[in-house]
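Protein chains get the first letters and strands the later ones, always in sequence-line order, with residue 1 at the start of each. Quick caveat: nothing in here was measured; it's all calculated off a predicted structure.
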Amino acid sequence: MIDVLAAPPFPEALSSAAGWSQWLDAVSWRLAPYLAPDKIATAVAIAVFAWIMFASQRKARRGVEIPIRRLAGLDALDEAIGRATEMGRPVLYVPGTDEIKEIQTIYSMMILRHVARKTAEYGTPIIVPTKNAVVMAFAEEAVRQGCADAGRPDAFVADNIRYLSDEQFAYCAGIAGIMYREKPAANIYMGMFYAEALILAETGFLGGAIQVAGTSRMEQLPAFVAACDYTIMGEEYFAVTAYLTREPSLVGTIRAGDVVKIAAIALFLVGTWLATAAPAGAAGPTWSSVYERLFG
Amino acid sequence: MKREIPILLTVICGLLVVAAFFAPAPDAARGLQPSVWQAINSELLEWAKILVAVAFLLGIANVVRINLRQIQARHVDRPYKVVLLLSMFAFLVVGLAEMHERDLPNGIVRVLVPADHVTMKDGHVVAGWVQGATETGIRMRDSDGHDLPEIPHDQVALVSEPSAKMWVYFKIFAPLQATMFSLLAFYVASATFRAFRARSFESTLLLVAGAVVMLGQVKIGNDLTGGMAAPVEAFLMDNFVKAAERAIAIGGSLGVLATGLRIVLGLERSYLSE
Amino acid sequence: MAAALAFDRRWIYLGLGLLITGLYAFGSPEELPPAAPVQEYYDAIEKLPEGSIVMLSADFDPASAAELYPMFYGTLHHLFRRNIRVVGVCTWPAAPPFSREAFRSIAPQYHKEYGKDWVELGFLVGDDVAMGIIGQSLRSAYPNDALSKAPYDSFPLLRDVGDSSRGIAMLITISAGFPGILEWIPQLCTRYDVPVLAGTTAVQTPSLYPYHPRPLLGYLGSATGATQYLQLVAPGTPALVPVREENQRRMVAQGWGHLYIVALIVLGNIIYFRSRRRAA
Amino acid sequence: MILLQQSPAWIDLDPTAPPDLLGAFLICLLTLSIFSFLYRDNPFYKLAEHLFIGVSTAWYTLEFYDSGVKKALLEYVPEKVHALHDPALAAATEMGGYPVTPGWALAWRMGAVALSLMLLARLVRRDAWISRWPLALIVGIYAALKMTGETQARLVQQIRETMVSLWSADASAVTIAGNLVLVLGLVCVLVHFLFTFKRGRTLAGFSRVGVIVLMLAFGARFGFAVLGRIALLIQRISELSSYGQPDYSMGGRGWVATLLTPPWLVGGLIVLVLALAALSRRGEPEPPAA
C-alpha cells in the first residue's frame with residue numbers, strides 16, 4: 001500500500017528541530033493509510049482522560065479520600081435555609097426550566113434532595129415549582145427522600161411540589177406570584193435556565209429574599225451574579241453534586257478533569273515558552289513549530 | 001434483555017463512530033480511497049438524523065394530546081387552545097400539499113396550492129402549476145392535471161410562484177417569533193435598574209465590564225468617553241474574555257468527554273430509565 | 001429604596017420604547033469605525049480566488065434575523081461580486097425562507113446561473129449529526145437540491161465539490177446559536193481542516209474569541225459587526241447602499257438604547273447605596 | 001424599510017411581490033399584540049402566543065418531515081430500488097463516498113426504517129420498551145460524535161492556540177500586556193475550576209484572579225446580550241414603521257393618512273380595548289405583575 005519511492009525519507013539525525021520536523025513528516029506519511037495523523041493527539045487525550053477517570057473511580061470506591069473543595073455557594077445554602085427558619089418563611093427551590101433529559105435537571109434533583117434534608121431538619125417548608133409534569137414527579141421523589149434522610153418523613157408536603165405551566169413565561173409569572181404571596185425568605189435556583197433567569201432574579205431581589213443560584217449555562221450567569229447573593233457558576237455546578245453525594249463515579253470524573261486541566265496548563269506553558277524563545281522570523285522549522293505540530 | 005440490547009446498540013454504534021473519526025482520510029493525490037469506515041459513519045449518522053426527525057414528529061402527538069385534554073377539561077384558556085390546534089393543522093395541510101404538489105391528485109392540488117403564473121416576453125400569461133425546469137424550458141401542468149407544452153426559457157419574462165406556506169411564514173411566524181424575543185430588551189432594562197447591584201467586588205467588576213462593552217460598541221458611547229471606550233473594550237475582549245472563554249471551552253470539552261466516554265462505554269444508563 | 005424601586009416597571013418599558021422609536025424615526029445614519037475581525041472577514045472573502053466554492057450556511061431564524069439577515073444579504077452580494085461559487089445549506093429549520101429570498105433576489109443581479117454558480121441545498125435535520133454528514137460527504141447529505149429537486153450530480157457546481165467537504169474552499173456560517181458556528185468548528189472545520197468565517201448574534205459573540213484567528217479567520221459580531229461590514233461592502237454595490245443606511249440608522253437608536261441601560265444601572269446603584277447608607 | 005414601486009395589493013401570496021395589505025395588517029397586529037404583554041397579560045397576547053405555538057410547531061414539523069423522512073426515506077428508497085435495475089445508477093451508488101451496490105444501500109437504510117417503527121411504538125404506549133432501541137442509538141451516536149469532535153477542537157487545539165509568543169522585539173507594551181493577560185488569565189481560570197486539590201495560598205490566589213477574569217467575561221456577555229436584545233427591538237420598530245408609510249394608508253392625506261396605516265389602526269384598536277377593559281375593572285385589586 002505504501003509507495004516507498006514517494007515516501008518522505010527519515011532524517012539522518014534527530015539533533016535539530018529540522019530533523020524532528022522531517023521525522024514527523026515521514027511518520028505521518030506512513031501512518032496516513034491506517035490512521036489520521038492529525039488526530040493522534042486527540043486519541044491520546046481521550047485515552048489519558050479515560051485512564052485517570054477509571055483509576056480515580058476505583059480509588060474512590062476503595063474508600064481513598066479525594067478531597068473536594070468547599071464552594072462558597074454551598075455554604076450559602078445552609079445560611080439561606082437557616083435564615084428562612086428564623087423568619088418563619090418558606091424556602092423556594094426552582095429546578096430550572098428544562099426537562100428531565102437535561103443533565104443539569106438531573107443534577108438539580110440531587111441537590112434538591114440535599115436541600116430538602118436540611119429544610120426538614122430545620123422544620124422549614126420548601127416550595128418547588130416545576131415547568132414539566134415529569135420533572136414534578138422527580139422533584140416529589142427527591143423531596144420525599146430528603147425528608148426521609150433527615151428522619152422526618154412527616155415533613156414532606158405534597159402540595160408544595162407544584163406544576164405551574166409548560167409555557168416559559170407563564171411558568172415565570174407563576175413563580176413571581178409565589179414570591180409575592182408566600183414571601184419565601186430564600187430563593188434557590190439550580191439547573192438549566194434561559195431568558196427567564198433575568199426576570200426571576202429581579203423579582204426575587206425585590207422581594208428581599210436571600211438568593212443562591214447555580215447553573216453551568218454561561219449565557220444566564222451574568223443575571224444571576226448581578227442579582228443574587230451567591231452564584232455557583234459553570235463547572236462548579238457539576239462539582240456540587242459530586243461534593244454532596246460523594247458518589248465514586250462522579251468524584252472520579254471530576255478528578256480526571258482536574259488532572260487533564262493541569263496537564264493542559266503545563267503543555268501550553270511549555271509551548272508558550274518555546275514560542276517566546278523561538279528566533280523571530282526563522283525560515284525553517286523551530287522547536288516551537290515542531291512542538292505545535294504534535295497537537296495536530 | 002430489555003436493558004442489555006439498547007446498551008449494546010449504544011456501545012457498538014458509539015465505538016464505530018469514534019473509530020471513523022480516527023480512520024484515514026481519503027486522499028485522491030495519494031490514491032487513498034474512501035474506506036468502509038466512511039461508509040459506516042455516513043450511514044449511522046444518517047440513521048440518527050432520520051430518528052431525530054421521527055422523534056420530533058412524535059412530539060406533535062404530544063402537543064395534540066395535551067391541548068385536547070385541556071379543551072376537554074374546559075380549561076380557562078380553552079378558546080386559545082382551539083386556535084392553537086386549528087392553526088397548526090391548517091398550516092400542516094397547506095404545507096404538506098405544497099410539498100407533495102407533484103404526487104397529489106389534481107383536485108386537491110387545485111384547492112390547496114395557489115396557481116403559478118409565467119409571464120411571457122410578449123405579455124401573455126400562462127397559469128398552472130410549475131412542475132420543474134429542464135435544460136430547455138419550464139414544464140407546467142394545467143388545472144385539469146394535463147401537461148402544458150414546455151415554455152422555452154428565452155421566452156419567459158417572469159415566473160411568479162405564490163406560496164401560502166411562505167406567506168404564513170413571513171406574515172405570521174416570523175413577526176411573532178421576532179417580537180417574542182424583542183420583549184427581552186424591556187426585561188433587561190427593568191432588571192438592570194431594579195436588581196443589578198454592585199454589592200460585591202465581583203458584581204461591581206461585572207457591571208463595569210458590561211458598561212464598557214455597551215459604550216465601546218456604539219459611536220455615541222465612544223464619543224462620550226473621549227474615544228476611550230472602544231480601545232478599552234477591545235483589550236478587554238481580546239485578552240480577558242478570550243482567556244475566560246477558552247477556559248470555559250476547555251472545561252466544557254472535558255464535561256462532554258466525560259459524559260461521552262461513559263455513554264460510549266456503556267456505563268451511563270440514566271437515559272434508558274426514562 | 002423600596003419606594004424608589006417598587007414603582008411600576010412599566011414606566012421603564014415605556015421609556016425604552018419611546019426612546020428607541022423616537023430615535024429610529026428621527027435619527028440620521030452615522031458611520032461606525034471598523035473593527036479588526038470585520039476587516040478580516042472582508043479580507044478573507046477578498047482573498048479567495050475567483051471561481052472557488054464557498055459553503056454558505058444559514059443557521060438562524062426570524063428571532064435573530066434582525067442581526068443576521070443583513071450579514072447574510074451582504075455576504076451573498078460580496079461573494080457573487082467576487083465571482084465566487086456558492087453552495088447554500090441550512091441547519092436551522094426556520095432558515096430556508098431567508099436564504100431563498102436572498103438567493104432569489106441577488107443571483108439575477110449578477111447574472112448568476114443556478115447549478116453552475118450557485119445551488120441551494122436546503123435544511124438538513126440533526127444539528128451536530130447533520131454537520132457530521134455534510135463533512136463526511138455532501139453528496140450523501142443532499143442527494144437532491146432544494147429548488148428543482150434534481151440529483152446532486154446533475155449540477156456542474158456540485159460535481160466540482162465532489163464527495164468530500166475538502167472540495168469546499170471555505171465555510172461561512174451566519175449563526176444564531178445552537179447548532180451553529182460552535183458546532184461547525186468541531187464537526188467540520190477542525191476535523192476536515194476547512195477555514196471558516198462567521199456572522200453571529202451578540203449573545204454568541206463572546207464565545208467565538210477562543211477560535212479566532214484559527215480556524216475562525218474573521219467574524220461579524222451582532223448589529224455592530226453587520227453595519228461595519230456593510231460599510232466595507234456597499235461601496236461598489238449600489239444595491240447594498242440602502243441596506244447599509246438602514247443599518248447605520250438603526251445604530252443611532254442602538255447607541256442611545258445602550259446609554260439608557262447604562263444610566264439605569266448607575267441610577268439603580270445610586271439609590272441602592274444611598275438607602276444602604278441611610279440604613280447604616 | 002421597504003420602498004415600494006407600486007401600491008400594495010390586498011393579498012399577494014408571491015414571496016417576491018411587495019408586502020400585501022393583509023400581511024401588513026397581520027404583522028402589525030401580531031407584533032403589537034405581543035408588545036401589549038408589557039402592559040399586562042391580555043387576550044391579544046394570549047391569542048398571538050397560541051397562534052405562534054401552533055404555527056411554529058407546524059413549520060418545524062414540515063421541515064423535519066421534509067429533511068428526515070421525505071428525502072431520507074420516501075425518496076431515497078424508491079431511488080435505490082430503481083437503481084437495482086439500472087447499471088448506470090447502480091455504479092454511482094455510494095455511502096459516504098464509498099462505492100456500494102444499491103442492494104447494500106437499501107439493506108442498510110432498512111435498519112433506519114425498522115428503528116423508526118420501533119420509535120413509533122411510543123404512539124401506542126408511552127413506555128414501550130422497544131422504543132428504547134432507537135433512543136439508545138441516537139444517544140450513542142451523538143455522544144461519540146460530540147466527544148471526539150470537541151476533544152479535538154476545544155481541548156487539543158485550544159491548548160495549541162494558547163502557545164503564543166509573549167514578547168518580541170517589535171511588540172508594543174499593550175500587545176505584551178495582552179499576551180500575558182491571555183496566558184496567565186487562562187491559567188488562573190483553569191485553576192479556579194480545579195476541585196479535587198487542597199487549596200494552599202498559591203492556589204487560592206490564582207483562583208481569586210481567575211474569578212476576576214471570569215467576572216469581566218460575564219460582564220462582557222451581559223453587555224453583548226443588551227446589544228443583541230436592543231437590536232431585535234429596533235428591527236421590530238423598523239418593520240412597524242415601514243408599514244406606516246402613506247403607501248399603506250387607507251385614505252386621507254398628511255397626518256390623517258399616517259393615522260390610517262396598519263400600525264396606527266391596529267395599535268389604536270388594542271389600546272382602546274385594553275383601556276375599556278381597565279375602566280371596567282376599576283376598583284378591583286391589581287394582580288401581581290409577572
Side-chain angles (χ1 to χ4, degrees), chain C residues 8-10 13 16-17 20-21 24-25 63-67 93-94 96-97 100-101 104-105 122-126 128-130 132 136-137 139-140 142-144 153 163-164 183 185-187 189-191 201-203 205-206 210-211 214-215 221-224 242 246 250 253-254 257-258 261, chain D residues 1 3 15-16 35 38-40 56 59-64 66-68 71-72 75-76 79 92 94-98 138 141-142 145-146 148-154 156-158 160-162 217 220-221 223-241 289:
Chain C
D8 207 316
R9 76 182 74 189
R10 289 178 288 199
Y13 297 164
L16 180 67
I20 299 283
T21 314
Y24 176 76
S64 41
E67 293 173 273
R100 184 156 306 170
E101 190 183 82
R104 188 141 47 178
S105 64
F123 167 65
L124 192 66
V125 55
D128 314 69
V129 157
Q136 177 78 71
S137 155
R139 187 190 276 119
S140 306
Y142 295 100
N144 304 299
D153 285 307
D163 264 334
S164 154
E183 284 67 40
I185 288 176
Q187 296 312 340
C189 303
T190 54
R191 186 166 175 174
T201 53
V203 174
T205 305
Y211 307 98
R214 196 160 55 159
S222 80
T224 321
E246 163 72 13
R250 288 184 190 178
Q254 182 86 45
H258 288 192
I261 305 272
Chain D
M1 174 90 62
L3 290 175
T16 56
F35 279 145
L38 293 171
Y39 166 64
R40 63 183 300 150
S56 63
W59 176 270
Y60 289 122
T61 307
L62 289 172
E63 289 293 322
F64 275 65
D66 183 46
S67 176
K71 283 181 188 148
E75 285 169 9
Y76 183 91
E79 213 172 85
E94 44 101 33
M95 270 160 54
Y98 181 80
I138 298 177
I141 290 176
Y142 268 87
L145 194 71
K146 285 185 91 96
T148 46
E150 300 214 353
T151 305
Q152 186 189 22
R154 304 216 213 289
V156 177
Q157 298 213 351
Q158 287 299 311
R160 186 189 72 189
E161 295 305 310
T162 311
R221 269 189 181 271
F224 268 101
V226 170
L227 169 61
R229 305 308 185 208
I230 291 190
L232 298 190
L233 175 60
I234 297 175
Q235 190 266 345
R236 294 320 298 151
I237 306 272
S238 155
E239 180 154 9
L240 282 180
S241 84

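- Side-chain contact between D/Met95 and C/Ser140: absent, with no pair of heavy atoms (C-beta onward) separated by less than 4.5 Å.
- D/Arg229 CZ to C/Thr201 OG1: the interatomic distance, rounded to the nearest 0.5 Å, is 8.5 Å.
- Counting non-hydrogen atoms of other residues, nucleotides and ligands closer than 6.0 Å to OH of D/Tyr98 gives a total of 12 or fewer.
- For chain D, no part of C/Ser105 is nearby; none of its heavy atoms comes within less than 4.5 Å.
- Looking at C/Leu124, both its backbone and its side chain come within 4.5 Å of chain D, counting heavy atoms on both sides.
- From D/Gln152, atom CD reaches atom CD of C/Gln187 across 9.5 Å, with rounding to the nearest 0.5 Å.
- When C/Arg191, C/His258, C/Gln136 are compared by the number of non-hydrogen pairs under 4.5 Å with chain D, C/His258 comes out ahead.
- Rounded to the nearest 0.5 Å, atoms CZ (D/Arg236) and OG1 (C/Thr21) are 12.5 Å apart.
- Only the side chain of D/Arg160 comes within contact range of chain C, with heavy atoms under 4.5 Å apart.
- Note: D/Ile237 CD1 to C/Tyr24 OH = 9.5 Å, rounded to the nearest 0.5 Å.
- Heavy-atom distances place the side chain of C/Asn144, and not its backbone, under 4.5 Å from chain D.
- Looking at C/Ala223, only its side chain comes within 4.5 Å of chain D, counting heavy atoms on both sides.
- With a 4.5 Å cut-off on non-hydrogen atoms, C/Ser137 touches chain D through its side chain but not through its backbone.
- At least one side-chain heavy atom of D/Tyr142 sits less than 4.5 Å from a side-chain heavy atom of C/Asp128.
- Top candidate by heavy-atom pairs under 4.5 Å with chain D, chosen from C/Ile185, C/Leu16, C/Thr205, C/Asp153, is C/Thr205.
- No side-chain heavy atom of D/Val156 sits less than 4.5 Å from a side-chain heavy atom of C/Thr190.
- Interface residue D/Glu79: only side-chain heavy atoms are found under 4.5 Å from chain C.
- At a threshold of 4.5 Å between non-hydrogen side-chain atoms, the residues D/Lys71 and C/Pro143 do not count as touching.
- Interface remark: of the candidates D/Ala225, D/Ser56, D/Gly96, D/Gly96 forms the most heavy-atom pairs closer than 4.5 Å to chain C.
- Of the possible polar contacts, none joining the D/Gln157 side chain to the C/Arg214 backbone as a donor-acceptor pair under 3.5 Å is found.
- Side chains of C/Glu67 and D/Leu232 form a contact here, defined as non-hydrogen atoms less than 4.5 Å apart.
- When D/Gln158, D/Glu150, D/Glu75 are compared by the number of non-hydrogen pairs under 4.5 Å with chain C, D/Gln158 comes out ahead.
- In this structure, chain D has heavy atoms under 4.5 Å from both the backbone and the side chain of C/Gln254.
- For C/Pro242, no part sits under 4.5 Å from any heavy atom of chain D, backbone or side chain.
- With a 4.5 Å cut-off on non-hydrogen atoms, C/Ala25 does not touch chain D at all.
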